[in-house]
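Chain letters run A, B, ... following the sequence lines, proteins first and then strands; every chain starts at 1. The structure displayed is predicted, hence computed values, not measured ones. Heavy atoms only: backbone and side chains are in, while hydrogens, waters and symmetry mates are out.
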Protein chains: 2
Amino acid sequence: MSAMNAQIQPILKIGAVAKAAGVSIDTVRFYEGRGLLPSPQRSASGYRLYDQSTIERLNFIGRAKGLGFTLNEIMLLLDLQDKGGSKAEVKSITGAKLEQIERKIEDLQRMRSVLGKLNSDCSGSGSVTGCPIIEALVDGDSDDCCK
Amino acid sequence: MSAMNAQIQPILKIGAVAKAAGVSIDTVRFYEGRGLLPSPQRSASGYRLYDQSTIERLNFIGRAKGLGFTLNEIMLLLDLQDKGGSKAEVKSITGAKLEQIERKIEDLQRMRSVLGKLNSDCSGSGSVTGCPIIEALVDGDSDDCCK
DNA sequence: CTTTACTCTAGTCTAGACTCTAGGGTGTAT
DNA sequence: ATACACCCTAGAGTCTAGACTAGAGTAAAG
Ligand SMILES: [Zn+2]
Ligand SMILES: [Zn+2]
Ligand SMILES: [Zn+2]
Ligand SMILES: [Zn+2]
């Protein structure tokens with residue numbers, strides 16, 4: 001907050017931002033192409049030049065990915081931040097994602113329960129003949145798993 | 001089990017097996033290309049000719065897919081059935097899948113818990129300024145979600 | 001005989017998120 | 001001067017599980 005260093009930011013080349021954010025150089029360029037990162041300034045020789053804010057933006061993207069958002073969804077979230085959207089818009093995106101995650105969890109729990117039972121029913125020794133796992137796949141008994 | 005109908009099987013064209021198994025014709029041809037289905041007999045004019053066993057094989061594949069197996073994994077399971085593998089081999093595939101499913105469930109539960117908390121922390125009204133969801137993405141507080 | 005339904009091949013397209021390649025230019029240290 | 005790391009572009013390739021298309025031949029029904 002001192003008076004005179006308004007835009008004196010350290011200038012970073014692509015390798016440095018990538019490293020700082022823990023992504024590859026290719027990923028940075030890829031995100032730029034996808035519109036997740038703005039087109040950066042260029043040096044006289046054409047090198048991309050970044051500052052700290054790009055690292056923060058990459059971290060935003062990484063955290064959102066960690067919460068299960070796709071790059072398209074992340075672009076929506078970044079737009080809401082950049083252009084000033086409403087909390088309602090943000091919440092509708094995260095709410096939808098939450099429901100999607102819950103549905104996925106239910107699917108996987110169903111798979112786990114069927115597969116866990118089959119797995120424990122199988123002795124694991126001898127030839128595949130009579131294997132309860134294979135039999136369940138063959139004739140579909142005890143099958144709640146295929147809609 | 002009567003004495004004389006050893007291989008008198010009804011002959012089905014691709015549309016019929018596909019319909020009976022609840023998949024598309026494209027899918028049947030695709031599975032053949034992937035090696036999940038053997039190359040069928042052909043009619044004089046080149047039509048694929050199947051019998052009931054193909055429907056059963058397609059059902060096997062569908063059930064395995066419903067349990068989360070990929071087509072490559074399903075091919076392994078089918079091979080064990082076709083060529084006579086051991087129960088241990090089957091169980092090692094299903095055991096690995098079970099662990100994979102469990103890991104996925106844990107990931108998703110982590111996402112759900114973080115996202116659920118953020119979602120309920122956000123009032124949902126007004127501008128995005130101060131939105132706890134966006135803030136968490138920006139500065140990474142309360143963040144157990146990104147490895 | 002004609003219409004309609006079915007089948008054939010080969011190839012392209014989708015989503016998602018990169019990753020890699022080829023072929024070149026730049027920057028800095030020794 | 002030259003080694004070496006770094007950067008550039010454009011485009012192709014990867015993985016999964018098919019969907020879809022075009023152009024052509026075949027079968028069944030009226
Ligand atoms: Zn078994
Ligand atoms: Zn099932
Ligand atoms: Zn909010
Ligand atoms: Zn996180």
Side-chain angles (χ1 to χ4, degrees), chain A residues 11-37 39-50 54 57-58 60-78 97 100-101 104 107 111 146-147, chain B residues 10-37 39-50 54 57-58 60-78 97 100-101 104 107-108 111 146-147:
Chain A
I11 285 168
L12 304 159
K13 280 180 289 184
I14 196 168
V17 276
K19 193 169 184 186
V23 300
S24 76
I25 289 176
D26 282 336
T27 299
V28 177
R29 284 195 285 244
F30 174 71
Y31 285 172
E32 182 186 330
R34 289 289 306 261
L36 290 156
L37 297 175
S39 299
Q41 287 185 282
R42 299 289 185 130
S43 73
S45 54
Y47 286 18
R48 289 170 176 82
L49 300 176
Y50 299 98
T54 301
R57 202 169 173 93
L58 285 168
F60 182 114
I61 295 168
R63 285 183 201 107
K65 269 167 53 72
L67 289 174
F69 293 101
T70 66
L71 294 185
N72 280 337
E73 290 161 345
I74 294 169
M75 188 140 47
L76 298 177
L77 291 170
L78 285 167
K97 179 57 59 178
Q100 196 182 106
I101 288 172
K104 254 186 213 165
D107 278 0
M111 293 179 198
C146 313
K147 62 235 149 272
Chain B
I11 284 168
L12 304 159
K13 281 181 290 183
I14 195 167
V17 274
K19 192 169 184 186
V23 300
S24 76
I25 290 176
D26 282 336
T27 300
V28 177
R29 284 195 283 244
F30 175 70
Y31 286 172
E32 180 186 332
R34 289 291 305 263
L36 290 154
L37 295 175
S39 300
Q41 286 187 284
R42 300 289 185 132
S43 73
S45 55
Y47 285 18
R48 289 169 177 81
L49 300 176
Y50 299 99
T54 302
R57 202 169 173 93
L58 285 168
F60 182 113
I61 295 169
R63 286 184 199 108
K65 268 167 55 70
L67 289 174
F69 293 101
T70 65
L71 295 186
N72 279 338
E73 290 161 345
I74 294 170
M75 189 141 45
L76 298 178
L77 291 170
L78 285 167
K97 178 57 60 178
Q100 196 182 106
I101 288 173
K104 254 187 211 164
D107 278 0
L108 289 168
M111 295 179 199
C146 316
K147 64 236 154 274

Report task. Consider the side chain of B:Tyr47, meaning its heavy atoms from C-beta on, and name the nucleotide among D:dG18, D:dC8, D:dG25 that approaches it most closely. Result -> D:dG25
Query raised in the report: Are A:Leu78 and A:Ile61 side-chain neighbours, meaning at least one heavy-atom pair lies under 4.5 Å?
Result: yes
**Report entry** Side-chain ion pair, A:Arg29 and A:Asp26, N-O less than 4.0 Å
**Finding:** yes
Query raised in the report: Does a nitrogen or oxygen in the side chain of B:Arg29 sit under 4.0 Å from OP1 or OP2 of C:dG11?
Result: no
Query raised in the report: So what does A:Ser43 hit on the nucleic acid, given a heavy-atom distance under 4.0 Å: a base, only sugar-phosphate, or nothing?
Result: nothing
Query raised in the report: Closest nucleotide of DNA chain C for A:Ser45 versus for A:Asp26: which of these residues is on the 5' side?
Result: A:Asp26
Query raised in the report: What's the CD-C1' distance between A:Glu32 and C:dC18, to the nearest Å?
Result: 15 Å
Report task. For B:Arg42 and D:dT26, give me the distance from atom CZ to atom C1', rounded to whole Å. Result -> 14 Å
Query raised in the report: For the pair made of CD1 in A:Ile25 and P in C:dC20, what is the distance, rounded to whole Å?
Result: 12 Å
Requested in this report: Report yes if a side-chain nitrogen or oxygen of B:Tyr31 is closer than 4.0 Å to either non-bridging phosphate oxygen (OP1 or OP2) of D:dG18; otherwise report no.
Outcome: yes
Query raised in the report: Could you state the interatomic distance from CD (A:Glu32) to OG1 (A:Thr27), rounded to the nearest 0.5 Å?
Result: 13.0 Å
Report task. Name the nucleic acid region contacted by B:Arg48, choosing base, sugar-phosphate or nothing; use a 4.0 angstrom heavy-atom cut-off, strictly under. Result -> sugar-phosphate
Query raised in the report: Looking at the side chain of A:Thr70, which of C:dA17, C:dC8, D:dG18 is the nearest nucleotide?
Result: C:dA17
Requested in this report: For A:Phe30 and D:dA10, give me the distance from atom CZ to atom P, rounded to whole Å.
Outcome: 16 Å
Query raised in the report: So does B:Ser24 get a side-chain nitrogen or oxygen closer than 4.0 Å to the phosphate oxygens (OP1/OP2) of D:dA19?
Result: yes
Report task. List the atom of B:Leu36, the atom of B:Leu71, and the distance in Å for their closest heavy-atom pair. Result -> CD2-O, 3.6 Å
Query raised in the report: Mapping B:Lys13 and B:Leu71 to their closest nucleotides on DNA chain D, which lands nearer the 5' end?
Result: B:Leu71
Report summary line: The answer to which of B:Tyr50 and A:Ile61 contacts DNA chain C further toward the 5' end, by nearest nucleotide, is B:Tyr50
Report summary line: Picking from C:dA17, D:dC7, D:dG18, the nucleotide nearest the side-chain atoms of B:Lys65 would be D:dG18
Report task. Find the distance B:Leu49:CG to D:dT26:P and express it as a whole number of Å. Result -> 15 Å
Query - Within 6.0 Å of CD in B:Gln100, more than 12 heavy atoms from elsewhere - result: yes
Query raised in the report: Once you round it to whole Å, what is the distance between C1' of C:dC18 and CG of A:Asn72?
Result: 14 Å
Requested in this report: Take atom CD of B:Gln41 and atom C1' of C:dT7, then tell me their distance rounded to the nearest Å.
Outcome: 17 Å
Report task. Using atom CZ of B:Phe69 as one end and atom P of D:dA17 as the other, report the distance to the nearest whole Å. Result -> 13 Å
